[in-house]
*Asks:* 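Starting off with a structure, shown below.
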Amino acid sequence: MSDVIKVGMADLNIVTPPNTIRTSGLGSCVGLIIFDGQRNVAGMAHIMLPNSKLCKQSPPNVAKYADTAIPALIQDLKKKGARSAFLKAKMAGGAQMFSFSTGNEMMRIGPRNVEAVRELLESLNIPIVSEDVGGKSGRTIEFNPVSNLLHIRTVNQGTKEI
Amino acid sequence: MDDLKKLQPFHLDVLKEIGNIGAGNAATSLSLLLNKTIDMSVPDVRVVSLQEIPDQVGGADTEVAAIFLRIEGEAPGSMYFIANIADIEKMIRRLIGNDHFQLVSPPFDEMGISAFLEVGNILAGSYLSSFSDFTQLDLQPSVPGVSIDMAGAILSYGLIPISEVGDFAIVIDTEIVEVDEESEKVSGHFFLLPDPGSFQTIFKALGVEIDE
């Protein structure tokens, strides 16, 4: 029996075969997958905000911020046998759901999340092998740790695998 | 957000009253606009975790039609009018007198979308003006935005200011339902999500401060 492991908003989890891992309704949030493709272990985070520096919450929810979710994912992956040098990443999300004329920074949260994830992965030498980011639509994504494919469903645009 | 722990039942009752007056006024406006009788539910005020919020409208990947706007002024927050796609289609068809208007696959008819935005403007304006009268706070709605998409994607957007300080939000949820046509009942939800800093302001304005 295989299960679909669900990752909620501001949440993260690890998957191993035969299970798959899914997060639904990504808007400006980023769905990040880090995986060791040979050891068939993957982790997914549903990241809401770029960094925890302005966090007024203690203790912070590490899954919510790009700068804390990435180290937490890597740590959990290593516990499941993943090797640092073999880690790769895929990401989706970071859309701009509403367009307003005001230059409010909150409105640019999607692109800022994507930039933050990209910079952090680069500093850790984890390559992003494929991505589907930006746009104006929500996404539901599911990752399979055997095929290492990320299945993406977008409203009115069908599905694809990256 | 430590403030949430200090909330007493009467604080939630105060918020319920805001939902009651606001949605009541909005329902009256909608009733005039559509020339239909509109009924509303007792407002539901709940402290909900971020992850559970999309469940209030059927789950994170349920497709919905939504109007979103920011409340600016003394008690900022986010506001949604959210309904299932078929209900909004029916409402807009009646308003613009076009039976072919659809929200299933784009491109959407511009006239219909602008009618939907106008409905959002009217509903939010009447909700906010009574909220503002009740609390004597200065509040203005931003220009509304429209989105036909997954509930999680739409709602997470308005939750950003809240997510910066905690994992829980207070949702003031009021449902409105059209009553006279049983077969084609149209219903929708108002969600008011005050920013974390706004609660103190609202309670203070109404003389029910949270004890420090």
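Note on naming: letters A, B, ... go to the chains in the order of the sequence lines (proteins, then strands), and numbering restarts at 1 for each one. As the structure is a prediction and not an experimental result, all values here were calculated from the model.
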*Asks:* Hey, is CD on A:Glu122 packed in by over 12 heavy atoms from elsewhere, all under 6.0 Å?
*Replies:*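 No.
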*Asks:* Can you see which heavy atom on B:Pro54 is nearest to which on A:Met9, and at what distance?
*Replies:*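 The answer is CG-CE, 3.8 Å.
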*Asks:* Contact between B:Ile148 and A:Val155 at the side-chain level, heavy atoms closer than 4.5 Å - yes or no?
*Replies:*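 No. Closest side-chain heavy atoms not under 4.5 Å.
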*Asks:* For a 4.5 angstrom cut-off between non-hydrogen side-chain atoms, does A:Phe98 reach B:Ile154?
*Replies:*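 Answer yes - side chains close enough.
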*Asks:* Could you report the tightest heavy-atom contact between A:Met97 and B:Ser147, atom names first, then the distance?
*Replies:*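 Heavy-atom minimum between the residues: CE-OG, 3.9 Å.
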*Asks:* Give me the atom names and distance for the closest heavy-atom approach of B:Asp61 to A:Gly25.
*Replies:*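 Taking every non-hydrogen atom into account, CB-N, 4.3 Å.
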*Asks:* Calculate, to the nearest 0.5 Å, the distance between atoms SG and CG belonging to A:Cys29 and B:Leu50 respectively.
*Replies:*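 Here the rounded value is 9.5 Å.
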*Asks:* Is A:Arg139 in contact with chain B via its backbone, its side chain, both, or neither, using a 4.5 Å heavy-atom distance?
*Replies:*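 Only the backbone of A:Arg139 comes within 4.5 Å of chain B.
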*Asks:* Take B:Glu164 and A:Lys53 through the salt bridge (charged side-chain N to carboxylate O under 4.0 Å, His left out) test and state the conclusion after the steps.
*Replies:* CA-CA 10 Å; B:Glu164 282 171 343; A:Lys53 285 192 195 94; over 6 Å; no
*Asks:* Drop me the distance from B:Ser156's OG to A:Ile109's CD1, to the nearest 0.5 angstrom.
*Replies:*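 Going from OG on B:Ser156 over to CD1 on A:Ile109, the span is 10.0 Å.
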*Asks:* For the pair A:Lys136 and B:Asp149, evaluate salt bridge (charged side-chain N to carboxylate O under 4.0 Å, His left out) and give the outcome as yes or no after the intermediate values.
*Replies:* CA-CA 9 Å; A:Lys136 288 181 174 176; B:Asp149 213 304; over 6 Å; no
*Asks:* Nearest 0.5 Å, what's the CG-CE distance between A:Leu26 and B:Met150?
*Replies:*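 It is 8.5 Å, given to the nearest 0.5 Å.
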*Asks:* Please round to the nearest 0.5 Å and tell me the distance separating atom OH of B:Tyr157 and atom CE of A:Met48.
*Replies:*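 One gets 12.0 Å once the value is rounded to the nearest 0.5 Å.
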*Asks:* Rounded to the nearest 0.5 Å, what separates atom OG1 in A:Thr23 from atom CD in B:Gln51?
*Replies:*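 Between atom OG1 of A:Thr23 and atom CD of B:Gln51 there are 9.0 Å.
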*Asks:* A:Ala10, A:Gly93, A:Ser24: which one forms the most heavy-atom pairs within less than 4.5 Å of chain B?
*Replies:*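 Result: the option with the highest number of such pairs is A:Ser24.
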